[in-house]
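Working notes, structure below.
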Amino acid sequence: MRALRMIHEAWARRVSVSLSAYLRTSVEVALSDIDQGTYAVLSQQLPDLGVFYIIGLLPLPGHFMLHMTIELASMIVDRLMGGPGTASK
């Protein structure tokens with residue numbers, strides 16, 4: 001699990017740099033937890049509302065799931081549309 005944690009932490013640093021450039025604002029991404037389990041257990045732990053993305057990492061096989069809260073997703077969309085990047089109320 002230690003090697004997997006290091007891989008994800010490195011990925012989080014690269015995503016922080018990429019998102020900061022793409023959104024033209026400071027973005028910090030950090031690994032909160034790493035765990036192994038079934039999708040059924042994961043789906044029970046996630047909040048009812050959210051945005052899910054299934055992302056492939058070509059040329060690597062497989063996919064991963066990214067979950068964002070509605071608030072975070074709306075801030076990103078607002079920023080991409082030219083707004084200040086604040087969550088809608």
Side-chain angles (χ1 to χ4, degrees):
M1 287 293 252
R2 184 169 191 258
L4 198 53
R5 176 174 294 281
M6 290 172 53
I7 290 169
H8 283 81
E9 287 171 347
W11 180 81
R13 285 190 299 274
R14 288 192 301 271
V15 167
S16 292
V17 171
S18 296
L19 275 178
S20 292
Y22 187 66
L23 297 174
R24 298 173 313 280
T25 190
S26 179
V27 175
E28 182 179 332
V29 177
L31 178 65
S32 62
D33 191 20
I34 191 166
D35 196 5
Q36 181 177 344
T38 65
Y39 179 76
V41 172
L42 173 68
S43 66
Q44 292 172 354
Q45 295 174 346
L46 292 173
D48 290 336
L49 295 176
V51 179
F52 293 91
Y53 296 98
I54 305 297
I55 302 170
L57 299 174
L58 295 176
L60 300 174
H63 297 81
F64 76 93
M65 183 179 72
L66 177 65
H67 172 263
M68 282 188 229
T69 63
I70 295 289
E71 293 82 14
L72 177 59
S74 67
M75 287 189 301
I76 290 173
V77 169
D78 183 59
R79 183 72 182 170
L80 290 173
M81 301 292 274
T86 57
S88 59
K89 302 202 184 245

Next item on the list: Considering non-hydrogen atoms only, spot the tightest contact between Arg24 and Arg79 and give its length.
Entry: O-NH2, 2.5 Å
Item checked: Distance (rounded to the nearest 0.5 Å) between Arg5 CZ and Asp33 CG -> 6.5 Å
Check: Is there side-chain contact between Met68 and Ile76, with heavy atoms separated by less than 4.5 Å?
Finding: yes
Notebook entry, point to check: Do Arg13 and Val17 pass the side-chain contact (heavy atoms from CB on, under 4.5 Å) test, and can you show the C-alpha distance, the side-chain angles, and the key distance before you say yes or no?
Noted result: CA-CA 7 Å; Arg13 285 190 299 274; Val17 171; 6.0 Å; no
Note to self: Can you give me the closest heavy-atom contact between Gly85 and Asp78, atom names plus distance?
What the structure shows: N-OD2, 2.8 Å
Checklist line | Leu66 with Leu19, same ILVMFWY side-chain cluster at under 4.5 Å | finding: yes
Item checked: Beyond-backbone contact of Leu80 with Tyr22, side-chain heavy atoms, under 4.5 angstrom -> yes
Next item on the list: Quick one: pull up CG in Leu49 and CD in Glu71 and give me the separation to the nearest 0.5 Å.
Entry: 8.5 Å
Note to self: Has Ser20 got a side-chain atom pairing as donor or acceptor with Val27's backbone, closer than 3.5 angstrom?
What the structure shows: yes
Note to self: Could you walk me through whether Leu46 and Met65 satisfy the side-chain contact (heavy atoms from CB on, under 4.5 Å) test, starting with their C-alpha distance in whole Å, then the side-chain angles of each, then the deciding distance to 0.1 Å, before giving a yes or no?
What the structure shows: CA-CA 12 Å; Leu46 292 173; Met65 183 179 72; 4.1 Å; yes
Note to self: Over 60° means perpendicular and under 30° means parallel, so tell me whether Phe52 and His67 are parallel, tilted or perpendicular.
What the structure shows: tilted
Notebook entry, point to check: Does Met75 reach the side chain of Leu72, with side-chain heavy atoms less than 4.5 Å apart?
Noted result: yes
